[in-house]
Q: 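Next up is a structure, given as C-alpha cells.
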Amino acid sequence: MSRRLIIAIDGPSGAGKGTIAKAVAAELGYRHVDSGALYRAVGWKAVRDAVPLTDEAAIHDLAERSRIAVEGSTVRIDDVDVSRAIRTPEIDRAATAIARLPRVREVLVARLRSLAFDGGVVMEGRDIGTVVFPHADVKVYLDADEDERARRRAHDPAHSGSATLAEVTSALSERDRSDRTRQASPLYAAPDALVIDTTGLPIADVVRDVLERIQARVATA
Ligand code: C5P
C-alpha cells in the first residue's frame, strides 16, 4: 500500500471504536488518534479552572491557549498527564457539554486535521467522516445495542467509577442524546460510511470487515 490513507471511524459511546481503531491502525502501521481525548482534555481543564461549561467564549479561549498532546493512550494538556483523570463520569459530562459549542469545535477540528496532514491515520470520534475529514479514504460507522454499549463501558478498566449498570446506561444514553441532537456537528453516519452493528460480534470479525473495506478502496484508487 503506497499512499497513506485517512480512515475515519465514528459512532456512539461503547460501539467499539477505540478497540477497532487501535487494531486497524496497528495492522496498517498507521497512527491511531482518539479525537474524544481532546474534547475530554478541554472539559477537564474547564472543570479544574471552574469555567462554566456553557461559556462558549471562555472555553474557546481556554482551548486555543492549551497545548494538547495525544500519544497512544497518554493524553497531556499543558504538560499535565490527564490520561486517567479524563475518564471519569464527571469528565464524560464535561466533554459532552463543551462539544456542543461550535467555536470550541472549530479549534479542536483544526488540531485534528493538522494531525493527519500526510495521512496514515485512523481517527475515531463522532464527526470524523462528516466534518473533520469529509473526504476520508474510508469511513466506518460502528453501532451496537444500547444495553451492550453500556455493559462494555461499565467493564472498561480505562473508565473509573463505581456506578451501577443502570447509572452507566442512563449517563451513556444522555450523552448520546446530546451528541445526536446538538446543532454543531451532530453524530450521524456519513452516507458513504460502512455501517457495522457490532452487537455480539467478535472484535476480530469487525477488524476483518474494516480491513477488507480498506483493501477494496486501495484496489479502486
Ligand atoms: O469518544 P469519547 O467518549 O471519549 O468522547 C467524549 C465526548 O466528546 C463525546 O461524548 C462527544 O460529546 C465529544 N466528541 C465529539 N466529537 C468527536 C469526539 C468526541 O463531539 N469527534
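Since the model is a prediction, treat every value here as computed from it, not as a measurement. The figures that follow rest on heavy atoms only: side chains count, while hydrogens, waters and symmetry mates do not. Order of appearance sets the numbers: ligands from 1, and atoms from 1 within every ligand.
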Q: Is there a side-chain contact (heavy atoms from CB on, under 4.5 Å) between S35 and I128 once you walk through the steps?
A: CA-CA 8 Å; S35 68; I128 309 305; 3.6 Å; yes
Q: Could you identify the single nearest non-hydrogen protein atom to atom 18 (C) of ligand 1 and state the distance to 0.1 Å?
A: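 Ranking protein heavy atoms by distance from atom 18 (C) of ligand 1, first comes S35 OG, 3.3 Å.
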Q: At a non-hydrogen distance cut-off of under 4.0 Å, which region of R182 contacts ligand 1 (side chain, backbone, both, or neither)?
A: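 The answer is the side chain of R182.
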Q: Just to be sure I read this right, does ligand 1 sit under 4.0 Å from the backbone of R126, its side chain, both, or neither, counting only heavy atoms?
A: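 Both backbone and side chain.
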Q: Could you grab the distance from atom CG of D55 to atom CG of L101, nearest 0.5 Å is fine?
A: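 One gets 8.5 Å once the value is rounded to the nearest 0.5 Å.
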Q: Under a 4.0 Å N-O cut-off, is there an ion pair linking R126 with D10?
A: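 No salt bridge links R126 with D10.
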Q: Taking the minimum heavy-atom distance to atom 7 (C) of ligand 1, which of R180, R153, R175 ranks first?
A: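 Minimum heavy-atom distance to atom 7 (C) of ligand 1 goes to R175.
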Q: So if I count the atoms of ligand 1 from 1 in the order they appear, which ones are less than 4.0 Å from some heavy atom of D127?
A: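 Answer, ordered by atom number: 16 (N), 17 (C), 21 (N).
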Q: What protein heavy atom sits nearest atom 13 (C) of ligand 1, and how far off is it?
A: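 Heavy-atom neighbour on the protein nearest atom 13 (C) of ligand 1: A99 CB, 3.7 Å.
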Q: Who's the nearest protein heavy-atom neighbour of atom 4 (O) of ligand 1, and how far?
A: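 Checking every protein heavy atom, the shortest distance to atom 4 (O) of ligand 1 gives R40 NE, 2.6 Å.
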Q: If hydrogens are left out, which of G36, P12, G18 has an atom nearest to atom 5 (O) of ligand 1, that is, the closest non-hydrogen atom?
A: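 It is G36 whose heavy atom sits nearest to atom 5 (O) of ligand 1.
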Q: Counting C-beta onward and ignoring hydrogens, is there a side-chain heavy-atom pair between R105 and Y39 closer than 4.5 Å?
A: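 Contact flag for R105/Y39 side chains = yes.
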Q: Heavy atom under 4.0 Å from ligand 1: found in E124's side chain, backbone, both, or neither?
A: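 No part of E124 comes within reach of ligand 1.
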Q: Do K22 and D34 pass the salt bridge (charged side-chain N to carboxylate O under 4.0 Å, His left out) test, and can you show the C-alpha distance, the side-chain angles, and the key distance before you say yes or no?
A: CA-CA 9 Å; K22 246 179 255 168; D34 166 15; over 6 Å; no
Q: Can you name the atoms of ligand 1, numbered from 1 with element, that are less than 4.0 Å from a heavy atom of D179?
A: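 Per the distance check, 9 (C), 10 (O), 11 (C), 12 (O).
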Q: Is the shortest distance from a Lys or Arg side-chain nitrogen in R4 or D118 to a carboxylate oxygen in the other one below 4.0 Å?
A: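 Salt bridge absent between R4 and D118.
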Q: At what distance is the nearest protein heavy atom to atom 16 (N) of ligand 1, and which residue and atom is it?
A: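 Result: R105 NH2, 3.1 Å.
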Q: Starting from atom 8 (O) of ligand 1, which protein heavy atom do you reach first, and at what distance in Å?
A: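 Going by distance alone, atom 8 (O) of ligand 1 is nearest to Y39 CB, 3.5 Å.
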Q: Is the closest basic N to carboxylate O distance between R87 and D156 below 4.0 Å?
A: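 Not counted as a salt bridge, because no side-chain N and carboxylate O are separated by less than 4.0 Å.
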Q: Under a 4.0 Å threshold between the charged nitrogen and the carboxylate oxygen, would E106 count as salt-bridged to R103?
A: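 No.
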